[in-house]
Amino acid sequence: MKRFFTTLIAVALTLGVMAQSKEYPSFLKKDDVALFTTYIPTPPRNGSEQFASDSIAYEEGKRIRHTKRGSLAVSDANTDIEAVMHRFAEATNLKIEASQSPQLAELIERVMNSAYYAIADAKKYFKRTRPFVYFNEPTSIPHEEESHRSTFSYPSAHAAMAWAAALVLAELLPEHQDDILQTGYEIGQSRVITGYHFQSDVDAARIAASTAVARLHADKQFCRKMKRIKSKRCE
């Protein structure tokens, strides 16, 4: 069943909240994840060497927007679970589409939602301006610019969710871990290419996602679902 995850992200980023509900299932609650100020560094200051590096990555992303990789970056903006599972299915050449593997898709959707909790408060805390707003330039996804203009950049929600999904899929499918992790990494980089995030936004998101996945392994419901899916693969 198709879930309205894309709508969730738009609403959550606009309002700065993410309510847990039946439509948006998660293993973790916001209070379950590690306090972001204890491990996520502050974003680079404007004019610093780190910000210069971010600016270089932004310009490099702009140069490849009209390439095949640039087109892929646009499609990577879709965080609907069916789109995410299709992306990993293509990378691994496995039948793990949401329609073919509904239990796996449900698990990954919950993992992605859980990863969002690891960065939600950080966005509101740091309030970093998105690169396309900072540089006053268009993105490669123009129809999303208005809805994202007043939302915050650091860390990247897309990158966090994609990396968390990749870590869990790599655990379930270790023989395909290289392709899975590469795909999760690429989805994060796509946010730099499209102009919606700085490189440091994406880097911080991957750290946050890793903490969320680590915490998931202490959640009994997550562990039960992982064990069930692993056992089916061994039958």
message: Pair R224, D219 - check salt bridge (charged side-chain N to carboxylate O under 4.0 Å, His left out), show working.
response: CA-CA 9 Å; R224 284 196 300 268; D219 182 83; over 6 Å; no
- request: Establish, yes or no, whether the cationic atom of R206 lies under 6.0 Å from the six-membered ring centre of Y185 and within 45° of the ring axis.
  value: yes
- request: Kindly check if the number of other-residue, nucleotide or ligand heavy atoms within 6.0 Å of CD (E59) is above 12?
  value: yes
task: Verify the distance criterion only: is there a donor paired with an acceptor across the side chains of H197 and R130 at less than 3.5 Å?
output: yes
- prompt: Is any side-chain heavy atom of T92 closer than 4.5 Å to a side-chain heavy atom of I96?
  reply: yes
task: Just grab all the ring-ring contact (aromatic ring centres under 6.0 Å, His included) pairs involving residues 59-108, residues at least two apart or on different chains.
output: none
query: Does the D179 side chain pair with the main chain of H176, one donor and one acceptor, at a distance under 3.5 Å?
result: no
Mind listing the side-chain donor-acceptor pairs of residues 36-44 below 3.5 Å, one per line with the distance, residues two or more places apart or on another chain?
from, atom 1, to, atom 2, distance (Å)
T38, OG1, L35, O, 2.6
Y39, OH, T211, OG1, 3.2

- prompt: Do the side chains of V168 and I207 join up, straight or via other hydrophobic residues, at under 4.5 Å, putting them in one cluster?
  reply: no
query: Is the side chain of K62 donor-acceptor paired with the backbone N or O of G195 at a distance under 3.5 Å, no angle test?
result: no
query: Hey, what's the ring geometry for F132 with Y196, parallel, tilted or perpendicular (30° and 60° as the breaks)?
result: tilted
task: Can you sort out the partners of F135 under ring pair (Phe, Tyr, Trp, His ring centres under 6.0 Å), two or more places apart, ordered by chain and number?
output: Y58
